[in-house]
Amino acid sequence: MNPQIQKLHQIAGKPERRIIGLMSGTSLDGLDVALCRIAGSGPATAVTLERFATVPYTDDLKNDIRTIFAKSEIDFEELCLLNPYIGRLHGQMVLDCLREWGISPVDVDAIASHGQTVYHAPKSQHQRDKFPNATLQIGDGDHVAVTTGIIALSDFRQKHVAAGGEGAPLAVYGDYFMFSKAGENRILLNMGGIANFTYLPADEDATVVFTTDTGPGNTLLDAYARKFLNKPYDENGALAASGTVDADLLAALKSNPFFDAPFPKTTGPEVFNPAYVETAKIRSQTTHIAPADLMATLVQFSADTIVEAVGRLPHPNPSPDFRGGAYAVYMSGGGMHNPALTGAIQRQLPNCTFGRTDELGINGDAKEAVLFAVLANECLTGGDTSFGDRQGVPSVTMGKISLPG
Ligand SMILES: Nc1ncnc2c1ncn2[C@@H]1O[C@H](COP(=O)(O)OP(=O)(O)OP(=O)(O)O)[C@@H](O)[C@H]1O
Ligand SMILES: CC(=O)N[C@H]1[C@@H]2OC[C@@H](O2)[C@@H](O)[C@@H]1O[C@H](C)C(=O)O
């Protein structure tokens with residue numbers, strides 16, 4: 001037997017595995033590196049987050065990625081070059097983190113690498129009959145494995161698409177395994193570039209849970225912070241807090257079929273980008289809106305679309321203590337650090353309690369990276385949870401395996 005297959009077999013049989021989850025999201029702020037200790041699988045998954053770091057992307061790398069990011073027309077050579085380049089870079093970033101943490105690569109069982117999403121095109125968006133849902137992540141797993149000498153699992157989203165999903169959101173699997181709690185109706189709200197939430201009903205029914213994108217989280221805020229402030233984001237929502245919401249522009253921004261489509265659904269910066277905002281400005285005759293008022297309106301747009309999606313949740317199998325729309329909301333992702341955004345959400349959901357996933361043992365900035373470690377763990381050792389026969393939440397394990405030698 002190939003000794004590496006033997007090693008894979010041995011890792012899959014261990015009672016506990018050390019897996020590094022890697023996530024670099026749509027904000028392009030950096031690579032999240034989460035070193036996890038994971039025991040069990042499925043609903044019995046137990047995760048300890050041992051170390052976490054965000055390795056910032058250089059401006060040079062951000063600019064390189066932006067040349068091909070979320071665009072329908074790109075330089076194909078750039079895409080081809082960035083695929084191995086990002087794989088190697090992510091591998092090197094893992095090695096740098098391990099050195100800093102004083103941990104040897106031989107003490108890590110696997111890396112779970114999300115890669116860099118460069119284009120996301122669910123059918124609802126591309127609307128071309130003969131083509132399926134589609135999504136593309138680069139930073140090939142073979143380069144991660146060979147660079148680090150550690151077995152890598154990667155490209156998680158393709159199996160989801162192959163099995164009938166949109167390739168996202170995948171958070172439902174990790175959220176259900178890690179955060180579902182009998183007796184509490186929970187919402188796990190992640191506010192990254194795009195916002196999404198997972199619905200975890202109090203009866204813990206796996207055939208009911210789902211995650212859905214709700215629309216923009218920080219992506220539009222960041223784009224205009226770059227323009228108005230020459231900064232990567234509007235720190236603590238300061239500019240937004242100094243402005244006033246424009247009702248006409250807000251209505252124009254909300255006028256998109258994505259918001260009326262059923263759950264679960266996905267979107268991305270391919271739809272919600274500055275061109276979308278500029279079109280809405282023209283439609284609402286607000287082209288001369290002041291920067292602070294535009295930021296305030298964009299914050300309200302993100303907040304309202306999150307709140308309105310929560311308001312449309314079904315309430316199946318309510319538990320005896322169901323409080324009619326009162327959920328325990330646990331936030332994660334960079335948007336939880338923006339009080340303008342969290343305030344606008346909390347004001348509109350007075351019956352909900354709000355906390356961060358930190359209270360549940362997982363740092364909210366690390367949650368998505370941890371998710372991929374959990375998905376890799378499931379691919380290696382689990383895979384028998386049935387999420388039912390529903391569109392968007394196929395009962396499959398995900399991740400392709402790259403051997404380092
Ligand atoms: N102090 C802060 N004030 C305002 N915004 C903040 C603050 N800290 C972080 N953010 C926001 O969080 C963003 C980073 O969030 P995160 O790392 O969750 O995004 P991501 O993982 O790239 O996104 P996605 O989940 O869509 O893939 C920043 O770009 C910024 O918009
Ligand atoms: C295609 C893609 O990379 N989507 C991301 C993105 O970031 C947030 C949102 O849009 C979500 O759908 C997804 O990531 C998380 C981790 C998910 O799949 O659950």
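This structure is a prediction, so every number in the text was calculated from the model and none was measured. Quick note: residue numbers are just sequence positions, from 1. Read the numbers this way: they start at 1 and go in the same order the structure lists the ligands and their atoms.
For Gly334, a nitrogen or oxygen atom sits less than 3.5 Å from a nitrogen or oxygen atom of ligand 1, counting backbone and side chain alike. Between Thr266 and ligand 2, a contact under 3.5 Å exists for no N or O pair. Of the N or O atoms in Arg157, one or more lie within a sub-3.5 Å distance of an N or O in ligand 2. Polar contact check, Ala171 against ligand 2: a nitrogen or oxygen pair lies under 3.5 Å apart. Among the atoms of Ile194, some N or O lies under 3.5 angstrom from an N or O of ligand 1. For ligand 2, the polar-atom distance check finds an N/O of Thr117 within less than 3.5 Å of one of the ligand's N/O atoms. At least one N or O atom of Glu368 sits closer than 3.5 Å to an N or O atom of ligand 1. For ligand 2, one of its N or O atoms has an N or O atom of Leu170 under 3.5 Å away. Between Gly333 and ligand 1, a contact under 3.5 Å exists for no N or O pair.
Under a 4.0 angstrom heavy-atom cut-off, Asn190 registers as being in contact with ligand 1. Put simply, no part of Thr211 is less than 4.0 Å from ligand 2, judged by heavy atoms. In this structure, Pro232 falls outside the shell of residues with a heavy atom less than 4.0 angstrom from ligand 1.
Scanning the protein heavy atoms around atom 14 (C) of ligand 1, the nearest turns out to be Asp29 OD2, 3.5 Å. Counting only heavy atoms of the protein, atom 1 (N) of ligand 1 lies nearest to Asn236 OD1, 3.1 Å. Of all protein heavy atoms, the one closest to atom 23 (O) of ligand 1 is Gly193 N, 2.9 Å. Protein heavy atom at the shortest distance from atom 10 (O) of ligand 2 is Ile194 CB, 3.5 Å. Closest to atom 7 (C) of ligand 1, if we only count protein heavy atoms, is Tyr233 CE1, 3.4 Å. Closest protein heavy atom to atom 13 (C) of ligand 1: Asn218 ND2, 3.6 Å. Distance from atom 6 (C) of ligand 2 to its nearest protein heavy atom, with residue and atom name: Thr26 CG2, 4.1 Å. Among all non-hydrogen protein atoms, the one lying nearest atom 12 (O) of ligand 2 is Asp213 OD1, 2.9 Å.
The residue Val172 has no part lying near ligand 2, judged by heavy-atom distances below 4.0 Å.
For the pair Lys265 and Phe258, the cation sits on the ring face: its NZ or CZ lies under 6.0 Å from the ring centre, inside 45° of the axis.
Every atom of ligand 1 is numbered from 1 in the order shown, and the set under 4.0 Å from a heavy atom of His337 is 1 (N), 2 (C), 3 (N), 7 (C), 8 (N). Taking every non-hydrogen atom of Asp222 and a distance limit under 4.0 Å, the qualifying atoms of ligand 1 come out as 28 (C), 29 (O), 30 (C), 31 (O). Atom numbering of ligand 1 starts at 1 in the shown order; those under 4.0 Å from a heavy atom of Gly25 are 20 (P), 21 (O), 22 (O), 27 (O). Every atom of ligand 1 is numbered from 1 in the order shown, and the set under 4.0 Å from a heavy atom of Gly192 is 18 (O), 19 (O), 23 (O), 24 (P), 25 (O), 26 (O). For ligand 1, the atoms lying closer than 4.0 Å to a non-hydrogen atom of Glu235 are 3 (N). Numbered from 1 in the order shown, with element, the atoms of ligand 1 that lie under 4.0 Å from a heavy atom of Gly335 read 12 (O). With ligand atoms numbered from 1 in the order given, ligand 1 contributes 3 (N), 4 (C) to contacts under 4.0 Å with heavy atoms of Asp234. Close contacts of ligand 2 with His120, meaning ligand atoms under 4.0 Å from a residue heavy atom, involve 1 (C).
The aromatic rings of Tyr224 and Phe228 sit tilted, their planes meeting at an angle between 30° and 60°.
Counted within 6.0 Å of CD on Glu100, heavy atoms from surrounding residues, nucleotides or ligands total 12 or fewer; the atom is thus considered open. For Glu278, the CD atom counts as densely surrounded, since its 6.0 Å shell holds more than 12 non-hydrogen atoms of other residues, nucleotides or ligands. More than 12 heavy atoms of other residues, nucleotides or ligands lie within 6.0 Å of CD in Glu359, so this atom counts as buried by the packing criterion.
Taking every heavy atom of both residues into account, Asp142 and Ser402 meet most closely at OD1-OG, 2.7 Å. Of all non-hydrogen atoms in Gln125 and His120, the two that sit nearest each other are NE2-O, 3.3 Å. The two residues Ile306 and Ala195 come nearest to each other via the heavy atoms CD1-CB, 3.8 Å. Considering all non-hydrogen atoms of both residues, Gly165 and Pro394 come closest at N-CG, 4.3 Å. Here the closest non-hydrogen pair linking Pro404 and Val146 is O-CG2, 3.6 Å.
Here the rule is side chain to side chain contact (heavy atoms under 4.5 Å, CB included) with Thr297, and of Leu250, Thr244, Leu220 only Leu250 fits it. Between Phe210 and the options Phe263, Phe387, Tyr176, Tyr173, a ring-ring contact (aromatic ring centres under 6.0 Å, His included) holds for only Phe263.
When the heavy atoms of Thr26, Leu220, Leu31 are ranked by distance to atom 27 (O) of ligand 1, first place goes to Thr26. In the candidate list Ala240, Ser24, Ser27, Ser27 is nearest to atom 19 (O) of ligand 1, counting heavy atoms.
There is no side-chain donor-acceptor pair under 3.5 Å between Ser24 and His114. A donor-acceptor pair shorter than 3.5 Å cannot be found between the side chains of Thr58 and Asp60.
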| message | Please determine whether ring-ring contact (aromatic ring centres under 6.0 Å, His included) holds for the pair Phe301 and Phe259, giving the CA-CA distance in whole Å, both sets of side-chain angles, and the decisive distance to 0.1 Å. | response | CA-CA 11 Å; Phe301 178 38; Phe259 299 113; 5.7 Å; yes
| request: Show your working on ring-ring contact (aromatic ring centres under 6.0 Å, His included) between Phe372 and Phe156 and close with a plain yes or no. | output: CA-CA 8 Å; Phe372 289 96; Phe156 293 86; 5.4 Å; yes
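The backbone N or O of Glu270 sits less than 3.5 Å from a side-chain atom of Asn273, completing a donor-acceptor pair.
In this structure, Asp109 does not pair ionically with Arg18, as no charged nitrogen and carboxylate oxygen lie closer than 4.0 Å.
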